[in-house]
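By convention here, the first residue in the shown sequence is residue 1.
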Amino acid sequence: MNAGGSSSERSENSGQNRTFTGRRSRRGPGGGPGFIGVVEKPKNFRATLKRLMIYLKPHSFKIAVVFIMAVLSTAFSVLAPLLIGEIINVLFDGMTGGRTAIDFSAITTLLLILFVLYIGSSAFAFIQQYIMAGVTQKVVADLRSGVGSKLSRLRLKYYDEHTHGEIMSRIINDIDNISNTLQQGVVQLITSTVSLIGILLIMLYLNPLLTFVCFIILPVSAVLTKIIVDRSQPYFKKQQVQMAALNGHIEEMYTGHKIIKAFSREKKSEEEFDAVNKELYEVGWKSQFISGIAMPILFSVQNVGYVIVCIIGCLFVLSGSMNIGNVQSFVLYSKQFTHPVTQISTVINMIQSTLASTEHVFDLLDAEEELPDSSGAAALRNPKGEVVFDHVSFSYEPGRPVISDLNLNIYPGESVAIVGPTGAGKTTILNLLMRFYEIDSGHIRIDGADIKEMNRHNLRSFFGIVLQTPWLFSGTVRENIAYGCADATDEEIVRAAEMAYADSFIRKLPQGYDTVMNEDASNISEGQKQMLTIARAFLSDPVILLLDEATSNVDTLTEAQIKDAMMTLMKGRTSFVIAHRLSTVRNADLILVLNKGQIIEQGSHDELMAKNGFYAMLYNSQFSSANMDETFEQVEKRISERSGTAAA
């Protein structure tokens, strides 16, 4: 619930301050240069990595096996070109000595060994992937379990300060990013490192000079890559900004399509879409083109190095310092040499992006929780519904009080209406009463028991609540009415629907009480949604009833019917009713007039009208055109001036 009107502002601010999360780099075809994009880096690499290791620690043995399998798989594949060179040497030596001099038995043996190496490499790779998949999914499952349980313990303040999209991104996108990196990135880092070391050692063994020639290619490739990255990154950032703008525009147009049609703004909407789409096209093709030329340019540099190696290798063969098989092996290794280098840089970027995602998840896991119930938390039995606010003060943000020194005594069975301008603190009172937020000072007591010392589950079981915005989940009508009362019988559910005047429209639905609400319950009207939530409140049979503009989404006739039902429900129960339409609160036992977090008037409707104060002016402004244009500040000023005159 957004209380006091400040929650939405905090959500907007938090959304604006959200750091940009760019897309991560991906490998190109054949392990070549990857997609060059913007990679978000973690704020604290070492601390985040160390904390992630805690989740991996229980799987240390399996990870060790994965490491061994990765080393063996890579070693077997790295040795293969060396055997190919030996096969060529046997063929070449035999052919130079005559066809009958070819040692086919040696070739057969080498081919069998080569076959075993490839099969062994594949088998070890399969084992490592199988084990790592299990480890990854277990770690991710633990993270999701931790996040899932954390969400139920978070203070409502967290949901006020973070947008729904941001929270969903942390739960889904960030954890998926962790999963992908653990499954692919860790193994790839091991195999690429082993491949690089193995290839380098064998190349040095075959010919140090040719190895040096291959090394010359690396700095040239690095310089070209840096130039391309520097040119492409600004476009990728603009692309992400324009993509966000396009998505935002589409979402606005989708959710507000009725308003767009009502004001005939379709053409304007199309023009805005075309403008954003054109800008996205401009930066999109530039970013993709510049990053796309990286691979052919780097491959060209590598091919130049490949040609140089071939020429120098041939000269060595002619001089007798190398045999042709070794040259062939070296050429194969030189083609593979840049692949692990590129893969390692790609994985490092991937790990950086993943640790940034891990930080997002850990930020959520570290967020402030609701204060835990004390070990001796009280649990009231047979509550009567007496409510006392004793010098209660509260603020969502330090230095900006919403409730100031509130004192209030509500007797069991009394109906209390809370009225006042938007942002006066009306909904905040309900939030504090249900202990959704902890008060800064003072005490709130129910039947003499301080709610700080009460068990939350026990406390909230006293309340039935109907909010201004109805909330239904994807399920049957029956399940929605029985939400929170799982043991309710069909007769009780129907009776609650009848009392809320919902039974008649429910029976007209395709499957009646078994009709399934679709996403956002859009297959029924807003008024019908509200009636179902009111039926839910009837079924809960609460000691204390909280109604926050409960009839705001129903028509006049239905409102009258529900008001009659509410009067029946409110009998013998303590009730708090928030209403902007003051005609709905005339029969309340006590009306509290709030302004700026303080009670400025209280009494019955007749008493407050007789005072001709703030409430009277609010009430008259809803029925008198002479007062419709007055602001609350003007009303306050008139009351202040009148009070000053009376005092004089």
Side-chain angles (χ1 to χ4, degrees), residues 1-14 17 150-162 363-364 366-378 380 383 385-410 416-460 462-463 465 467 544 546 548 574 576 578 590 592-602 632 636:
M1 289 186 292
N2 293 337
S6 58
S7 301
S8 60
E9 296 174 5
R10 291 193 298 275
S11 296
E12 291 173 4
N13 292 337
S14 66
N17 295 332
K150 180 72 177 186
L151 291 175
S152 64
R153 301 193 305 270
L154 287 172
R155 295 188 172 191
L156 286 187
K157 181 180 179 181
Y158 184 87
Y159 295 99
D160 288 339
E161 293 177 345
H162 296 79
D363 285 344
L364 189 153
D366 293 337
E368 192 175 10
E369 300 180 4
E370 285 186 330
L371 294 176
D373 293 330
S374 59
S375 56
L380 288 181
E386 180 186 13
V387 178
V388 175
F389 283 75
D390 183 10
H391 297 285
V392 172
S393 295
F394 171 76
S395 59
Y396 290 105
E397 299 175 6
R400 299 178 63 183
V402 178
I403 300 292
S404 301
D405 195 33
L406 177 63
N407 293 281
L408 182 63
N409 291 279
I410 307 298
V416 181
I418 307 174
V419 301
T422 301
K426 301 184 297 295
T427 302
T428 300
I429 289 179
L430 305 191
N431 287 340
L432 298 179
L433 190 59
M434 295 192 70
R435 208 178 163 194
F436 288 152
Y437 294 87
E438 299 294 339
I439 60 178
D440 297 336
S441 62
H443 302 276
I444 301 176
R445 299 184 180 90
I446 295 179
D447 292 352
D450 194 323
I451 64 172
K452 283 186 177 180
E453 306 301 325
M454 294 177 63
N455 177 278
R456 279 192 180 87
H457 178 75
N458 176 250
L459 168 67
R460 291 169 184 168
F462 305 156
F463 297 95
I465 185 168
L467 301 177
I544 302 174
L546 308 179
D548 190 352
T574 305
F576 289 82
I578 293 177
L590 177 65
L592 304 177
V593 184
L594 252 65
N595 193 30
K596 298 180 180 178
Q598 294 181 329
I599 298 176
I600 59 175
E601 291 179 354
Q602 59 179 305
F632 290 115
E636 285 182 302

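Under the 3.5 Å distance criterion, the side-chain polar atoms of Tyr158 are left unmatched by any main-chain donor or acceptor of Leu151. Between the side chain of Arg460 and the backbone N or O of Arg435 there is at least one donor-acceptor pair closer than 3.5 Å. Between the Lys426 side chain and the Leu594 main chain, no donor and acceptor come within less than 3.5 Å of each other. Put simply, the side chain of Asp440 gets close to the backbone of Ser395: a donor and an acceptor are under 3.5 Å apart.
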Hey, mind stepping through Ile465 and Asp548 against side-chain contact (heavy atoms from CB on, under 4.5 Å) and telling me if it holds?
CA-CA 8 Å; Ile465 185 168; Asp548 190 352; over 6 Å; no
Does Lys452 form a salt bridge (Lys or Arg N to Asp or Glu O under 4.0 Å) with Glu438? I'd like the steps, not just the answer.
CA-CA 8 Å; Lys452 283 186 177 180; Glu438 299 294 339; 5.5 Å; no
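With values rounded to the nearest 0.5 angstrom, Lys157 atom NZ is found 14.0 Å from Asn431 atom CG. Taken from CZ in Phe463 to CZ in Phe576, the straight-line distance is 7.5 Å, to the nearest 0.5 Å. Interatomic distance, Thr574 OG1 to Ile410 CD1, rounded to the nearest 0.5 Å: 8.0 Å. Rounded to the nearest 0.5 Å, atoms CG (Leu467) and CG (Leu430) are 8.5 Å apart. To the nearest 0.5 angstrom, Asn407 atom CG is 10.5 Å from Gln598 atom CD. In this structure, Leu546 CG and Ile429 CD1 are separated by 11.0 Å, a value rounded to the nearest 0.5 Å.
Residues that satisfy the ring-ring contact (aromatic ring centres under 6.0 Å, His included) test with Phe394, not counting sequence neighbours, are Tyr396, Tyr437.
Between Glu386 and Arg445, none of the side-chain N atoms (NZ, or NE/NH1/NH2) sits under 4.0 Å from a carboxylate O, so this pair counts as no salt bridge.
The shortest heavy-atom contact between Asp450 and Met454 is O-CG, 3.4 Å. Closest approach of Ile446 and Leu459 over heavy atoms only: CD1-CD1, 3.5 Å. Minimum interatomic distance between Leu364 and Leu154 (heavy atoms only, all atoms of both residues): O-CD2, 4.2 Å. In terms of heavy atoms, Asn455 sits closest to Asn458 at OD1-N, 2.9 Å. Of all heavy-atom pairs spanning Pro383 and Asp447, the tightest one is CA-OD2, 3.1 Å.
The closest side-chain heavy-atom distance from Ile599 to Leu406 is below 4.5 Å. Between Phe389 and Leu433 there is a side-chain heavy-atom pair separated by less than 4.5 Å. The shortest distance between side-chain heavy atoms of Val387 and Leu408 does not fall below 4.5 Å.
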